[in-house]
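What follows is a set of notes on a single structure, which appears directly below.
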Amino acid sequence: MASHGGIFYLSALIILAAAVASVSSSSLSPYYYDSVCPEALPTIKRLVEAAVYKEQRMGASLLRLHFHDCFVNGCDASILLDPSPTIDSEKNARPNLNSARGFEVIDQIKQAVDEVCGCSVVSCADVLAVVARDSVVALGGPTWNVELGRRDSTTASRAKADSDIPSPFMDLPALINNFKSQGLDERDLVALSGGHTIGFAQCFVFRNRIYNETNIDPEFAQQRRLTCPSIGGNSTLSPLDPTPAQFDTAYFTNLIQKRGLLHSDQQVFNGGSTDGLVNTYSTNAKAFSADFARSMIKMGNIKPLTGNEGQIRSNCRKVN
């Protein structure tokens, strides 16, 4: 016979499931968890702040996870799935291998949120979206209302991650086409590229730029060569802009000075159609913040799973 405690717990789960179903729809909403788990978002915020306080670089790493997730079959937390006999993990794709990080922080946040909610009601995909926003805020950037109600995928695609995540070696036309294929325009491209105002890149990603490209400030190239040799040191880190732990407009000022670290970064200010936006953002932090927030919401709406699609994973690393 079931205990009274077991019956109560089962009843609570049924009530919670019914409440979630009542707010499930084909569209997302910033208020999705307000009634079913009002402590979810404050819990995420607290743990993101703690993680970024412990290691400021983590903020950029968590933002990047959301970006790399959304560009592969939509914002469905497929990037979090570990390899298995049925999962060709996106963690092993070229853009993520030995590069994507912060998975342990996501695990910790997911566990804490499930505890305060009483069960697994907040999806891993929504955790990634909220964590990205809170990481930006923790480093002095803008806030925005995160649309919520995504569900988690039951599949992943290393091949799609290899083909769809924009490469740091892309020229401007390729970048524009890549973003266009996700429903994002040139303003989104430049604004979201501004996410590189925080974080670092590994030497092998920008080696060719600092040794072989001509649209680069010679003094800047020489500085970067000091820590990124022509051979070896592939994983040595360099900041993407002069203030890698502060969400500001230094990234755009750098581009105007031909000090973009990545080839793809400098491409958005290289005599092309996006130069005007770079000029605007370099002197207008308010405009950059507003457009970045708008583009993050837009990116977060790429092909979400909603309603009865997908699932709510109990463990973000594996399918239920």
Side-chain angles (χ1 to χ4, degrees), residues 17 19-37 40-41 44 48 62-81 87 89-91 93 96 100 102-103 106 109-110 113-114 117 120-136 143-158 160-161 163-166 178-185 188-189 191-192 195 292-320:
V20 172
S22 70
V23 295
S24 293
S25 69
S26 60
S27 61
L28 307 179
S29 166
Y31 315 110
Y32 188 86
Y33 297 109
D34 283 8
S35 59
V36 295
C37 188
L41 269 60
I44 295 173
V48 168
L62 295 172
L63 172 62
R64 187 169 181 255
L65 282 182
H66 181 47
F67 184 92
H68 282 207
D69 179 43
C70 290
F71 266 63
V72 183
N73 291 325
C75 309
D76 60 2
S78 58
I79 193 173
L80 301 179
L81 290 170
I87 297 295
S89 178
E90 293 166 22
K91 294 179 180 181
N96 298 324
F103 299 109
I106 299 299
I109 291 172
K110 171 65 171 169
V113 168
D114 285 356
C117 294
S120 185
V121 64
V122 179
S123 69
C124 301
D126 276 349
V127 168
L128 282 177
V130 176
V131 162
R133 188 269 311 274
D134 291 348
S135 294
V136 168
T143 190
W144 59 92
N145 289 326
V146 179
E147 301 279 337
L148 300 167
R150 300 168 191 81
R151 289 169 64 84
D152 300 323
S153 70
T154 56
T155 61
S157 176
R158 181 173 64 169
K160 290 283 285 182
S163 64
D164 291 1
I165 295 173
N178 178 279
F179 274 65
K180 184 178 180 180
S181 70
Q182 303 288 353
L184 302 173
D185 58 26
D188 299 315
L189 165 62
L192 292 174
F292 182 83
R294 181 190 64 86
S295 294
M296 285 296 293
I297 294 171
K298 191 173 176 181
M299 183 184 76
N301 280 321
I302 297 175
K303 294 190 293 186
L305 300 175
T306 58
N308 294 321
E309 299 172 317
Q311 62 181 213
I312 306 296
R313 287 187 219 135
S314 298
N315 180 340
C316 291
R317 293 175 177 265
K318 61 184 182 180
V319 175
N320 292 344

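Just so it is clear, the model here is predicted, and its values are computed rather than measured. Hydrogens, waters and symmetry mates play no part in the numbers below; they use all other heavy atoms, side chains included.
For the residue pair Leu128 and Ala77, the shortest heavy atom distance occurs at CD1-CA, 4.0 Å. Counting all heavy atoms, side chain and backbone alike, Arg150 lies closest to Ala129 at NH1-CB, 3.6 Å. Taking each heavy atom of Val122 and Ala40 in turn, the nearest pair found is CG2-CB, 3.8 Å. In this structure, Leu305 and Gly310 approach most closely via the heavy-atom pair CD1-CA, 4.1 Å. Between Lys298 and Gly183, the shortest heavy-atom contact is CE-O, 3.3 Å. The shortest non-hydrogen separation linking Ser295 to Ala191 is OG-CB, 3.8 Å.
Atom CG of residue Asp76 and atom OG1 of residue Thr154 lie 9.0 Å apart, to the nearest 0.5 angstrom. Rounded to the nearest 0.5 Å, atoms CE (Met299) and SG (Cys70) are 4.5 Å apart. From Leu65, atom CG reaches atom CD1 of Ile106 across 6.0 Å, with rounding to the nearest 0.5 Å. Expressed to the nearest 0.5 Å, how far CG of Leu81 lies from NZ of Lys318 amounts to 11.5 Å. Atom-to-atom distance recorded for Glu90:CD and Asp69:CG is 7.0 Å, nearest 0.5 angstrom. A distance of 12.0 Å separates CD1 of Ile109 from CG of Asp114, quoted to the nearest 0.5 Å.
The shortest distance between side-chain heavy atoms of Ser120 and Lys110 falls below 4.5 Å. Using a 4.5 Å heavy-atom threshold, the side chains of Val127 and Leu80 count as separate. Leu28 is listed as a side-chain neighbour of Thr306, based on a closest heavy-atom distance under 4.5 Å.
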Start with the C-alpha gap between Arg313 and Ser153, add the side-chain angles, then the distance that decides, and say whether side-chain hydrogen bond (donor to acceptor under 3.5 Å, both in side chains) holds.
CA-CA 9 Å; Arg313 287 187 219 135; Ser153 70; 3.1 Å; yes
Leu184 and Ile302: CA distance, side-chain angles, deciding distance, side-chain contact (heavy atoms from CB on, under 4.5 Å) verdict
CA-CA 9 Å; Leu184 302 173; Ile302 297 175; 4.3 Å; yes
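Using the six-membered ring where Trp is involved, Phe67 and Phe179 have ring planes that are tilted, between 30° and 60° apart.
Remark: side-chain polar atoms of Gln311 are paired, donor with acceptor, to backbone N or O of Asn320 under 3.5 angstrom. For Ser123 (side chain) and Ile312 (main-chain N/O), no donor-acceptor pair under 3.5 Å exists by modelled atom type. Side-chain atoms of Arg151 come within 3.5 Å of backbone N or O of Gly307 as a donor-acceptor pair. A donor-acceptor distance shorter than 3.5 angstrom exists from the side chain of Arg133 to the backbone of Trp144, with no hydrogens or angles considered. Put simply, the side chain of Asp126 never gets that close to the backbone of Leu148: no donor and acceptor are under 3.5 Å apart. Remark: side-chain polar atoms of Asp164 are not paired, donor with acceptor, to backbone N or O of Val72 under 3.5 angstrom. Judged by distance alone, the side chain of Lys160 and the main-chain N or O of Phe71 form no donor-acceptor pair under 3.5 Å. One N or O on the side chain of Asp188 and one on the backbone of Asp185 form a donor-acceptor pair closer than 3.5 Å.
A 6.0 Å sphere centred on CG of Asp34 holds more than 12 heavy atoms belonging to other residues, nucleotides or ligands.
Shown here are the side-chain hydrogen bond (donor to acceptor under 3.5 Å, both in side chains) partners of His66, two or more places apart in sequence or in another chain: there are none. Asn73 is linked by a side-chain hydrogen bond (donor to acceptor under 3.5 Å, both in side chains) to nothing, counting only residues two or more places apart in sequence or in another chain.
Partner of Asn96 under the side-chain hydrogen bond (donor to acceptor under 3.5 Å, both in side chains) criterion, out of Lys91, Arg158, His68: His68 alone.
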